[in-house]
Amino acid sequence: MFDLQAHRGGAGLAAENTLRAFGNALGLGVTTLELDVHVSLDRQLVVRHDRILPDGEFLSWLPAESTGLPLLADVFGLARQRRADEVRFNIETKFDPLHPDEEAPRELFAELLTAAIATADAVERTSVQSFDWACLDLVHAREPRLGLNVLTNTNYMEIGLPGASPWMAGVDIDDFDGDVVRAARHRGYTGLSPRHTLITASMVDEAHEAELQVIPYTVDDPGVMEHLIDLGVDGLITNRPDIAREVMARRGMPLPRAYPPAG
């Protein structure tokens with residue numbers, strides 16, 4: 001099935017990365033809940049995009065309870081409560097190699113994340129995504145069954161600049177002639193999630209030949225959705241899963257099952 005991913009739970013419909021957003025997405029019907037995690041001081045995986053809270057505190061310096069943010073375990077619990085056994089999870093590790101002192105170590109990210117996914121019995125329906133390739137490698141070393149999605153945009157790859165990008169775990173994209181598909185295949189990743197403006201028909205074809213799925217981010221315009229589906233992408237990460245469902249319905253595509261609240 002085409003992979004309709006609710007970006008941060010569907011940030012165009014409810015406050016991002018909240019249980020309300022994830023519950024709304026489940027009730028609407030999506031294939032995948034996409035979300036971001038950080039590690040708190042007390043080694044909890046908290047669900048939030050930015051590493052700095054509104055009051056200026058770094059998440060890694062605070063215990064999870066004091067942040068008021070949902071935990072990854074809460075998201076798994078919500079899906080279990082809704083009996084959403086077919087819903088997938090795409091979890092982004094928000095490690096920034098340009099500010100490593102403001103984050104928990106990559107190794108701790110990988111340890112806690114793989115343990116949480118295993119505890120939720122969700123290994124077979126979870127992928128981990130990151131702009132930071134070293135995080136993906138550490139996750140793979142701990143749990144090879146998890147899907148690994150490369151998030152990327154032009155500035156993260158540093159095409160044409162000397163040396164390897166700090167985001168790419170020692171890989172110099174220029175050794176692959178600037179071709180992120182070739183580089184991702186070389187590393188053994190399973191999916192590619194470029195910014196949607198980078199997607200071309202040739203990229204999609206090349207990725208499929210390399211057995212990589214292509215799921216661009218963040219696509220909210222129905223015309224762009226139509227265009228990308230025509231190019232053959234395997235899914236979309238979107239703030240507006242409601243619009244994406246309308247586009248899919250017009251095209252006669254199967255729609256993901258909805259999981260409304262009980263009663």
Side-chain angles (χ1 to χ4, degrees), residues 1-40 44-55 57 59 62 64-94 113 116-117 120 122 125-130 149 151 193 195-196 215-225 228 235-250 253 255-263:
M1 178 178 286
F2 188 79
D3 191 359
L4 172 54
Q5 299 200 10
H7 183 238
R8 307 180 195 171
L13 300 173
E16 66 179 45
N17 281 325
T18 61
L19 293 181
R20 178 185 174 191
F22 299 121
N24 183 68
L26 291 174
L28 181 67
V30 299
T31 316
T32 302
L33 298 178
E34 193 268 1
L35 61 148
D36 311 283
V37 293
H38 288 269
V39 177
S40 64
Q44 298 292 313
L45 291 167
V46 293
V47 180
R48 180 176 166 82
H49 179 267
D50 298 334
R51 71 179 183 279
I52 301 175
L53 295 171
D55 60 6
E57 294 275 10
L59 279 176
L62 297 172
E65 186 176 350
S66 69
T67 69
L69 300 174
L71 303 181
L72 175 59
D74 297 329
V75 180
F76 286 137
L78 176 65
R80 188 165 51 249
Q81 180 187 32
R82 294 282 189 91
R83 299 184 179 179
D85 298 331
E86 297 177 7
V87 166
R88 298 184 57 81
F89 306 92
N90 187 19
I91 304 169
E92 181 178 350
T93 60
K94 298 302 293 184
L113 184 55
I117 295 168
R125 54 193 180 115
T126 300
S127 57
V128 175
Q129 65 177 5
S130 187
N149 297 337
L151 286 161
S193 289
R195 181 175 175 82
H196 70 84
I215 305 174
Y217 76 93
T218 303
V219 190
D220 299 334
D221 179 86
V224 176
M225 293 177 183
L228 292 170
L236 298 171
I237 300 173
T238 177
N239 293 310
R240 294 297 304 269
D242 56 333
I243 294 176
R245 282 180 62 94
E246 291 172 0
V247 169
M248 293 171 66
R250 286 199 301 270
M253 300 168 66
L255 296 178
R257 177 182 171 186
Y259 296 91

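Note that this is a predicted model, so its numbers are computed, not measured.
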Undergrad: Roughly how far, to the nearest 0.5 Å, is the CE atom of M225 from the CG atom of L4?
TA: 8.0 Å

Undergrad: Does CZ in R20 sit with more than 12 non-hydrogen atoms of other residues, nucleotides or ligands closer than 6.0 Å?
TA: no

Undergrad: How many angstroms lie between atom NE2 of H49 and atom CD of E16, to the nearest 0.5 angstrom?
TA: 7.0 Å

Undergrad: To the closest 0.5 Å, what do you measure between CZ (R88) and CD (E34)?
TA: 13.5 Å

Undergrad: Looking at R82 and G23, would you say the former's side chain and the latter's main chain have a donor-acceptor pair under 3.5 Å?
TA: yes

Undergrad: Would you please test N149 and S193 for side chain to side chain donor-acceptor pair (under 3.5 Å) and show each step?
TA: CA-CA 6 Å; N149 297 337; S193 289; 4.8 Å; no

Undergrad: Has T126 got a side-chain atom pairing as donor or acceptor with A122's backbone, closer than 3.5 angstrom?
TA: yes

Undergrad: For the atom pair CG (D85) and CZ (R257), what is the distance rounded to the nearest 0.5 Å?
TA: 8.0 Å

Undergrad: Mind checking the CD1-OG spacing from I91 to S130? Nearest 0.5 Å is all I need.
TA: 12.5 Å

Undergrad: From the options V30, L28, N24, select the one residue that forms a side chain to side chain contact (heavy atoms under 4.5 Å, CB included) with D242.
TA: L28

Undergrad: Taking atom types as modelled and ignoring hydrogens, do the side chains of H7 and N239 form a donor-acceptor contact shorter than 3.5 angstrom?
TA: yes

Undergrad: Output, in order, the C-alpha distance, side-chain angles, deciding distance and verdict of side-chain contact (heavy atoms from CB on, under 4.5 Å) for L236 and V247.
TA: CA-CA 12 Å; L236 298 171; V247 169; over 6 Å; no

